[in-house]
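Reviewing the structure listed below.
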Amino acid sequence: MVSSAPFDLPSAPLQLLTLDWLQQAGVEVAVLRLDRVDPELSGNKWYKLSHHLAAAREAGCPGLLSLGGPHSNHLHALAAAGRRYGLSTVGLLRGTEQLTPTVADLLEFGMQLHWLGYGGYRARHRDDFWTPWLECYPGYRCVPEGGGGLVGALGCIPLVAQLDAQLGELGWSDHHGWWLAAGTGTTLAGLVIGEEGRRPVFGALAGPPSHAVARQLGNLLGEAGMPDGGYLLLDASRGGFGRFDSALISFLKETEHASGIPLEPVYTAKAMMALRLYVEGGYFSRGTRLVFVHTGGLQGRRAALAQWPS
Ligand SMILES: Cc1ncc(COP(=O)(O)O)c(C=O)c1O
């Protein structure tokens, strides 16, 4: 049973994007700046975590347990939320112990860390994965990797109404679709559920297209009692999850400079670059209006862009 979120979900500002390639194609794009909703609980994380936090608090859980990599935006947001709301947090990390800027923050936020190695992390899909951890941390709430699953998706549904309430500020009476980065596809699923088939949702995959995300998405929508449709997944991965090439980094820097909107290379810059490809390829007719969701993740820039000094 999913409880209603006791936290006031923040409302993200909406900003028109003015870029040459959009103007040339006659396509209008507004950016829903989830990156600006909170300095620590940034991006889609606030929304994906909201029901987990509410349920943990309502059930009187001592804390929350989750897992991710050493640059995980999800663990970063969970640790920040735990500190803010007085809930302990435990992070199970992929790989061997290392001190990335993200890990330094997790420690500062008071998250208890355990390094699982790579083999140990792969075991996360096993049914009994959480059992020993719950013996160590009784009563803790387990949050799936990336805040995924139906509980995470339900937290993203309010984004649809939030956006609708703001369209008039841009002088828009409506828009023709959503565009956003997709990892697990959870945020996208929340939008699809909220849209109930009205407007399509385009998911720019940050990892290589595999049947796993599509299958997961179909299952998730099924669990929500929705048909498996209303979205399109497209490959934005450029050679793999977390892989950066110089064209991507140049695009990121140029786009930031021209728009004043900061991006990061793992999700948002790849999603924007895929959008440019589709726009320049004539996929959208003149007069199309799209909403690009800035899903945050800017804390991850520190390590990612350190490889590419300007
Ligand atoms: C910045 C950013 N954008 C997009 C995503 C992908 O979100 P989802 O897993 O809900 O598809 C993530 C991962 O949660 C993320 O950290």
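Whatever order the structure lists them in is the order used to number ligands and atoms, beginning at 1. Only this structure's heavy atoms are used, side chains among them; waters, hydrogens and symmetry mates stay out. Here the structure is a predicted model, which is why all the values come from computation and not from measurement.
The local environment of CZ in R243 is sparse, with at most 12 non-hydrogen atoms from other residues, nucleotides or ligands closer than 6.0 Å. For D20, the CG atom counts as loosely surrounded, since its 6.0 Å shell holds 12 or fewer non-hydrogen atoms of other residues, nucleotides or ligands.
Near K48, meaning under 4.0 Å from any of its heavy atoms, are these atoms of ligand 1: 7 (O), 8 (P), 9 (O), 10 (O), 14 (O). When each atom of ligand 1 is checked for a heavy atom of G296 under 4.0 Å away, the hits are 1 (C). Atoms of ligand 1 found under 4.0 Å from any heavy atom of G183, numbered from 1 in the order shown, are 6 (C), 7 (O), 8 (P), 9 (O), 11 (O). Ligand 1 places these atoms under 4.0 Å from at least one heavy atom of G185: 8 (P), 9 (O), 11 (O). Those atoms of ligand 1 with a heavy atom of G297 less than 4.0 angstrom away are 1 (C). Taking every heavy atom of T186 and a limit of under 4.0 angstrom, the matching atoms of ligand 1 come to 8 (P), 10 (O), 11 (O).
Nearest to atom 7 (O) of ligand 1 among the protein's heavy atoms is N44 ND2, 3.2 Å. Looking from atom 15 (C) of ligand 1 to the surrounding protein, the closest heavy atom is K45 NZ, 3.1 Å.
Proximity of the aromatic rings of F129 and Y121 is defined here by a centroid distance below 6.0 angstrom, and this criterion is not met.
A salt bridge links R199 with D164: the closest approach of a Lys/Arg side-chain nitrogen to an acidic carboxylate oxygen falls below 4.0 angstrom. Contact check on R301 versus E256 returns a salt bridge, with a Lys/Arg side-chain nitrogen under 4.0 Å from an Asp/Glu carboxylate oxygen. The pair R198-D174 fails the salt-bridge criterion, with no side-chain N (NZ, NE, NH1 or NH2) lying under 4.0 Å from an Asp/Glu carboxylate O.
Here's the thing with N73: one of its N/O atoms is less than 3.5 angstrom from an N/O atom of ligand 1. By the 3.5 Å distance cut-off applied to N or O atoms, A182 is not counted among the residues near ligand 1.
Atom 9 (O) of ligand 1 has its nearest heavy-atom neighbour, among V293, T187, T184, T295, in T184.
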Query raised in the report: Given the rule in the side chain to side chain contact (heavy atoms under 4.5 Å, CB included) test, do R289 and L167 qualify, once you have shown the distances and angles that lead to the verdict?
Result: CA-CA 11 Å; R289 289 174 168 161; L167 282 179; over 6 Å; no

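Using bins of under 30°, 30° to 60° and over 60° for the plane-to-plane angle, the ring pair Y278/F284 lands in the tilted bin.
With a heavy-atom cut-off of 4.0 Å, T268 does not touch ligand 1 at all.
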